[in-house]
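Report on the following structure.
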Number of protein chains: 2
Amino acid sequence: MAPTAAPEPAPEPAPELTPRLRLATLRLARLLRQHADPETGLSQSLLSTLGTVARCGPVTLGRLAELERVQPPSMTRIVTQLEERGLVVREVDALDRRVARVRTTPAAGRLIVGLRTRKNEYLAARLAELTVGERRALEAALPALEHLAGVPG
Amino acid sequence: MAPTAAPEPAPEPAPELTPRLRLATLRLARLLRQHADPETGLSQSLLSTLGTVARCGPVTLGRLAELERVQPPSMTRIVTQLEERGLVVREVDALDRRVARVRTTPAAGRLIVGLRTRKNEYLAARLAELTVGERRALEAALPALEHLAGVPG
DNA sequence: TATTGTTATACTCTATAACTATA
DNA sequence: TATAGTTATAGAGTATAACAATA
């Protein structure tokens, strides 16, 4: 007979979990993107870069290009556009005057907060349509989702 | 005292659920996209359109443009490229010769299956790293996620 | 005259290659 | 000579406007 206290009950996930989780995640992400970004007048790459600058603080252009998986010349243009819109500022390093660091302005902070708020409002409205049981299930699955997504903490 | 059998326990979701679910979903979706698409040599819009044609069967160009949220001229170009690669065929409607319907070829079917397999393999590998409890939580949350994402069924 | 789809053209975004300035 | 960033230029991808074919 099999042991009653299962020590390692199947290392691979249930067969249906993988494709269903994949499809649901991709579709939900698309909905979230559609329901907040358009109103800013900023492209996806501008928004993404702005978020990275906000998260990582003063950061060099080269490092920023790495983080956004973009070539340095592209990042130059992106930062230039963000600067023209008053959302970031370039600062030349005092010791090594080749490197330029980028940081966000207060206006960027306000924009980011507003954007986040709108996405959250949309998602919250959708969550409010679910049953209590469904919301509890999502809360219980949150650590697993964050683990999968590589969210720090 | 509060009633013990809560009849409507808060219509709005827990305060932390919304932002955490939003962040985790967006990041996981990005990981999934990065880990299968590049190898095909097809752009994101080509892949997305191909998937839609496969899902919706023979479909007119106009309808396809609607579904993909793209203007008709752009869809003309996308379909032309897919046709050049032997992944779809155009068929003129016999009764109304203005409309052209698009359907996938067997080669597209094979490509789509291979792609889906690769994405699933990546996600399955990540899921295998989770604890049993985390996977169970994800399975339990699946209906809620599909509901949120508007997955039919 | 209205509708389906196409062609013409311009704009945005990204990349590679060549360049400037610092070190 | 090497490195950080920029400018020059070209290739995708999309949009709007004008057009062709059909109803």
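Below, chains carry the letters A, B, ... as their sequence lines are ordered, and counting in each starts from 1.
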Please name all residues satisfying side chain to side chain donor-acceptor pair (under 3.5 Å) with Arg27(A), sequence neighbours left out, ordered by chain then number. none
Numerically ordered, the residues 51-71 of chain A set in heavy-atom contact under 4.0 Å with DNA chain D is Thr60(A), Leu61(A), Gly62(A)
Provide the start and end nucleotides, 5' to 3', of the part of DNA chain D that has atoms under 4.0 Å from heavy atoms of chain B. dG13(D) to dA23(D)
Please list, in numerical order, the residues of residues 76-84 of chain A that have a heavy atom closer than 4.0 Å to any atom of DNA chain D. Thr76(A)
Using five base pairs at each end, measure the axis-to-axis angle across the helix from dT1(C)-dA23(D) to dA23(C)-dT1(D) and round it to 10 degrees. 20°
Strand-adjacent residues in residues 85-95 of chain B, judged by heavy atoms under 4.0 Å from DNA chain C: Arg90(B)
Listed nucleotide nearest any side-chain atom of Arg98(B), set dT6(C), dT4(C), dT22(C): dT4(C)
With sequence neighbours left out, what residues match Ser45(B) under side chain to side chain donor-acceptor pair (under 3.5 Å)? Ser43(B)
Arg22(A) meets the salt bridge (Lys or Arg N to Asp or Glu O under 4.0 Å) criterion, sequence neighbours left out, with none
Under a 3.5 Å cutoff, is there a donor and acceptor pairing between the side chains of Arg126(A) and Tyr122(A)? yes
Minimal heavy-atom distance between Ala140(B) and Pro143(B), with the atoms involved, is O-CD, 3.5 Å
Going by the salt bridge (charged side-chain N to carboxylate O under 4.0 Å, His left out) test, which pairs reach into residues 67-87 of chain A, not counting sequence neighbours? Glu83(A)-Arg90(A)
Length of the line joining Met75(A):CE and dT14(C):P, which is rounded to integer Å: 9 Å
Nearest heavy-atom neighbours spanning Leu111(B) and Leu47(B): CD2-CD2, 4.4 Å
Phosphate OP1/OP2 of dT14(C) contacted by Ser45(A) side-chain N/O (<4.0 Å): yes
Partners meeting salt bridge (Lys or Arg N to Asp or Glu O under 4.0 Å) with Arg63(A) (sequence neighbours left out): Glu66(A)
Do you know which two heavy atoms are closest between Ala29(A) and Leu26(B), and how far apart they sit? O-CD2, 3.8 Å
Please list all pairs passing the salt bridge (charged side-chain N to carboxylate O under 4.0 Å, His left out) test where one or both residues lie in residues 103-116 of chain A, with sequence neighbours left out. Glu91(A)-Arg103(A)
Report the residues that fulfil side chain to side chain donor-acceptor pair (under 3.5 Å) with Thr105(B), sequence neighbours left out, ordered by chain and then residue number. none
